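What follows is a single structure, written as structure tokens, with notes after it.
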Amino acid sequence: MKIASFDDHRVGLVEDGRLYDVTAALPAALQAVPAQRINWLIAHWDELQPALARERAASGGRALDGVRWLAANPCPPHVFAAPANYRKHIGELGTRVVTKKGRTAREQGFFLKAPGSVVGHGGSVELPKASARRFDHESELAVIIGRGGSDIPRDRAFSHVFGYACLIDATMRIEADRFEEERTMRKSFAGFTPLGPWIVTADEVPDPQRLDNRLWVNGELRQQANTGEMIVGVAELIELVSSVLPLQPGDVIASGTPEGVGPFAPGDSLRIAIEQVGEMTVQVRERAALSPRPY
Ligand code: MN
């Protein structure tokens with residue numbers, strides 16, 4: 001199933017190019033916290049099936065054109081991210097990265113992106129005004145956690161996966177000895193974590209380590225790789241993260257970028273496509289207000 005979040009946090013199923021509104025399957029109490037609907041749906045997935053089927057059958061559906069998409073999960077409890085998880089990406093950015101000396105995600109561990117930096121298909125990546133810094137795209141497979149838990153061994157990790165989405169890990173680069181801001185902030189400007197266009201449930205992705213992952217800037221192909229090239233695979237990422245902090249339903253793990261990372265600028269259009277998952281486009285814009293310090 002493909003589960004989308006749209007308009008004012010309504011929840012829909014995407015089937016055969018149409019969107020079916022199933023929001024009424026969720027408890028009315030969630031109207032007080034609509035951004036939590038996807039987390040609740042994930043946590044109560046099995047018991048929700050009859051109500052989802054009922055609402056799906058009752059909904060006439062609508063065309064996908066004109067839908068205002070929100071992030072696939074608009075309010076993930078956490079966004080964990082793997083650095084240096086594709087061999088050919090390691091080293092391609094020289095001194096502009098904090099993961100140096102050929103260290104991989106296995107040695108470095110994960111970092112965090114602010115959950116509030118997520119945005120959906122058709123949304124905007126917002127750059128600081130009048131910046132001369134370099135901002136890069138990183139094309140990544142996002143893993144959406146279903147059942148939470150601590151100390152999840154890798155051989156049971158897939159039973160904790162709810163589904164997958166496309167994720168762009170937008171990043172402001174450091175410049176050694178000049179600009180070396182902390183990583184969480186550099187990757188957490190508004191809109192710096194496009195996540196979408198929907199969540200595809202794990203049953204539709206038999207092998208997440210065999211997916212083509214591509215990213216274009218203004219129609220030009222910049223990144224192309226297969227998730228089979230990951231150094232630390234999805235199962236081991238879940239083992240690693242859950243050994244530090246309990247995973248929660250709705251958590252997102254960004255699994256790292258392959259080579260081809262490169263800059264984008266205001267006015268650019270970024271398109272990511274992951275086989276069996278979907279395709280998402282976002283626009284790069286410049287913020288209207290000047291920041292209180294230069295970037
Ligand atoms: Mn990344």
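The analysis underlying the following values was restricted to heavy atoms, covering all of them including side chains, and did not include hydrogens, waters or symmetry mates. Whatever order the structure lists them in is the order used to number ligands and atoms, beginning at 1. Values in this document were obtained by computation on a predicted structure and should not be read as measured data.
- Taking the Mn ion (ligand 1) as reference, Asp169 places its N/O/S atom OD2 nearest.
- Side-chain atoms of Thr171 and Lys187 form a donor-acceptor pair, as typed in the model, at a separation below 3.5 Å.
- Within Glu140, OE2 is the N, O or S atom that lies nearest to the Mn ion (ligand 1).
- Checking Leu167, Val205, Asn213, Leu215 one by one against Ile274, the side chain to side chain contact (heavy atoms under 4.5 Å, CB included) holds for a single residue, Asn213.
- In this structure, Phe179 has its ring center at least 6.0 angstrom away from the ring center of Tyr295.
- As for Glu138, its N/O/S atom nearest the Mn ion (ligand 1) is the one called OE1.
- For the residue pair Asn39 / Asn73, a side-chain donor-acceptor distance below 3.5 Å is found, with atom types taken as modelled.
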